[in-house]
Amino acid sequence: MSTKTQNKIHVAIFVITGLLCLLPQISSPIALVMGFTLASLGLVPANLDLANLTKKLLSYSIIGLGFGIHLQTAISVSLANLPLILGSIVFTLILGAVLTKALKFDTKTGHLISAGTAICGGSAIAAVSPAINAKSDQTAIALATIFILNSIALFLFPALGHLLSMSQYDFGVWSAIAIHDTSSVVGAASAYGEEALVTATTIKLARALWIIPIALISAIIFGGDKKRITIPYFIGFYCLAIAIAHFFPQGEAAYELIFALSKRVLVLCLFLIGGGITVKKMRAAGVKPLALGVMLWLAIGVSSLLYILL
């Protein structure tokens, strides 16, 4: 079989499997496993830019979720949890700096992992990386570490939430604070329930707004270029979607359809993320970055859980 024919078969398998993720029977964790399985079997098309495709689809789907969130709910949930949002970001970044030094680990890579844990995973790393002039391998290690922990969170958090008999609201708050990437937050929260999804999405994106000031501060600390900061514009469009749904309620039927479709596209995003995770990448992450990532994750996960429940 020629390489060209083989690649066509890989593309067909990948596309068909991806389309299956749009069906309501496929949950977020299953989609992630499906993507990881194809990656492990070498069935992900080599010429497919998964990172760029995932980034675009994730942005569009998050904007779509805005049409299903009430303006008053977004404001009240964000304000009510502002101390937790700010406190957790500052706590994680300071602890990350201390642990990076204690582990005698590369400073920039440690800071990227800390920023990814503190704010919103890969998006935060992508924004902070050029601001501190991080090398490609430093960024790759940080992303691999966060993606591995994200994958675990997708399975672990809903199970823990049910075990602790957490309410929809409390689980939404906890997942938004303690899970890194927006995609995994939405995936875990949607598996838990509708109220958890709305709460988690609102808080996570309110948290993501802090990417810009953190990137600026990072550039100053590391002597980087403030002009190279990547601004996540989708957050602004997400807010605009909430405003449109609020001020033009006559389009409610269309908004509900967009919201439902966006949730399915997010499941597809998790399939694509799974397709980018390989055993090779997991090994490349090494022990120290994973140790740092796990310690930070445990610290923010346990402390935020105690704050919410007590």
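Only a predicted model underlies this, so the values are computations on that prediction, with no experimental measurement involved.
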Nearest 0.5 angstrom please: Leu99 CG to Met295 CE, how far? 5.0 Å

Is atom CZ of Phe105 surrounded by more than 12 heavy atoms (other residues, nucleotides or ligands) closer than 6.0 Å? yes

What are the two closest non-hydrogen atoms of Ser88 and Arg207, and how far apart are they? OG-NH1, 2.6 Å

Going through the distances and angles, do His111 and Ser218 end up as a side chain to side chain donor-acceptor pair (under 3.5 Å)? CA-CA 9 Å; His111 183 68; Ser218 299; 2.7 Å; yes

Please examine the side chains of Thr199 and Phe171, heavy atoms only from C-beta on, and report whether any two atoms are closer than 4.5 Å. no

Kindly work out whether a path of hydrophobic side-chain contacts (I/L/V/M/F/W/Y, heavy atoms less than 4.5 Å apart) joins Leu79 to Val198. yes

Atom pair CG/CG of Leu296 and Leu292 - distance to nearest 0.5 Å: 4.5 Å

Thr139/Ser129 under side chain to side chain donor-acceptor pair (under 3.5 Å): CA gap, chis, key distance, verdict: CA-CA 6 Å; Thr139 305; Ser129 182; 2.6 Å; yes

Between Cys269 and Ser61, the two heavy atoms sitting closest are SG-OG, 4.4 Å

Is there a side-chain contact between Trp297 and His180 in this structure, where contact means two heavy atoms from C-beta onward sitting under 4.5 Å apart? yes

Taking the side chain as C-beta and beyond, is there a heavy-atom pair between Ile85 and Ile177 under 4.5 Å? yes

Of all residues at least two apart in sequence or in a different chain, which pass the side chain to side chain contact (heavy atoms under 4.5 Å, CB included) check with Asp181? Phe147, Asn150, Ser183

Could you go step by step and tell me if Tyr192 and His162 meet the side-chain contact (heavy atoms from CB on, under 4.5 Å) rule? CA-CA 8 Å; Tyr192 206 77; His162 288 300; 3.6 Å; yes

With clusters defined by side-chain heavy atoms of hydrophobic residues (ILVMFWY) lying less than 4.5 Å apart, directly or transitively, does Ile119 cluster with Val294? yes

Could you pull out the closest heavy-atom pair between Gly293 and Ile113, with the gap in Å? CA-CG2, 4.0 Å

Between Ser78 (side chain) and Ile75 (backbone), is there a donor-acceptor pair under 3.5 Å? no

Go through Leu84 and Ile308 one step at a time and tell me if the side-chain contact (heavy atoms from CB on, under 4.5 Å) criterion holds. CA-CA 9 Å; Leu84 181 59; Ile308 293 164; 4.2 Å; yes

Given side chains that start at C-beta, do those of Leu266 and Ser190 come closer than 4.5 Å, heavy atoms only? no

Gln250 atom CD, over 12 foreign heavy atoms within 6.0 Å: yes

His70 atom NE2, neighbour heavy-atom count above 12 within 6.0 Å: no

If you compare all heavy atoms of Ser304 against all heavy atoms of Ala178, which two are closest, and at what distance to 0.1 Å? OG-CB, 4.1 Å

Would you say that Ser184 contacts Phe155 through its side chain, given a criterion of any heavy-atom pair below 4.5 Å between the two side chains? no

Ignoring hydrogens and geometry, is there a side-chain-to-backbone donor-acceptor pair from Asn81 to Val77 under 3.5 Å? yes

First locate atom CG of Leu41, then atom CZ of Phe36, and finally report the distance between them rounded to the nearest 0.5 Å. 9.5 Å

Would you indicate whether the side-chain heavy atoms of Leu65 and Phe259 approach each other to under 4.5 Å? yes

Which atom pair, heavy atoms only, marks the closest approach of Gly187 to Leu270? CA-CD1, 4.1 Å

By side-chain hydrogen bond (donor to acceptor under 3.5 Å, both in side chains) - contacts of Glu194 (at least two apart): Lys263

Heavy atoms of other groups near Tyr60 OH, more than 12 under 6.0 Å: no

Quick one: CG on Leu19 to CD1 on Ile26, what's the gap to the nearest 0.5 Å? 11.5 Å

So, taking the atom named CG in Leu268 and the one named OG in Ser28, what distance separates them when rounded to the nearest 0.5 Å? 11.0 Å

Quick one, Ile62 with Thr182, criterion side-chain contact (heavy atoms from CB on, under 4.5 Å). Give me CA distance, side-chain angles, the key distance, then yes/no. CA-CA 9 Å; Ile62 287 172; Thr182 305; 3.4 Å; yes

Side-chain donor or acceptor of Gln138 paired with backbone N/O of Lys135 under 3.5 Å: yes

Working to the nearest 0.5 Å, report the span between CZ of Phe271 and CG of Leu57. 12.0 Å

For Leu154 and Ala188 the tightest heavy-atom approach is CD1-N, 3.5 Å

With under 30° as parallel and over 60° as perpendicular, where do the rings of Phe67 and Tyr255 fit, or are they tilted in between? parallel

May I ask you to decide if Ile179's main-chain N or O and Lys204's side chain share a donor-acceptor pair within less than 3.5 Å? yes

Identify whether Val15 and Ile13 are in the same connected component of the hydrophobic contact network (ILVMFWY, side-chain heavy atoms under 4.5 Å). yes

Is Val185 close to Phe157 at the side-chain level, that is, under 4.5 Å between some pair of heavy atoms? no

Take Trp174 and Ile203 through the side-chain contact (heavy atoms from CB on, under 4.5 Å) test and state the conclusion after the steps. CA-CA 10 Å; Trp174 186 43; Ile203 294 174; over 6 Å; no

Do Lys108 and Asn133 make a side-chain contact, defined as non-hydrogen atoms from C-beta onward lying under 4.5 Å apart? yes

Knowing that exactly one of Leu205, Thr73, Ile69 qualifies, which makes a side-chain contact (heavy atoms from CB on, under 4.5 Å) with Ile242? Ile69

Report yes or no: do Leu309 and Leu306 belong to one cluster of Ile/Leu/Val/Met/Phe/Trp/Tyr joined by side chain heavy-atom distances under 4.5 Å? no

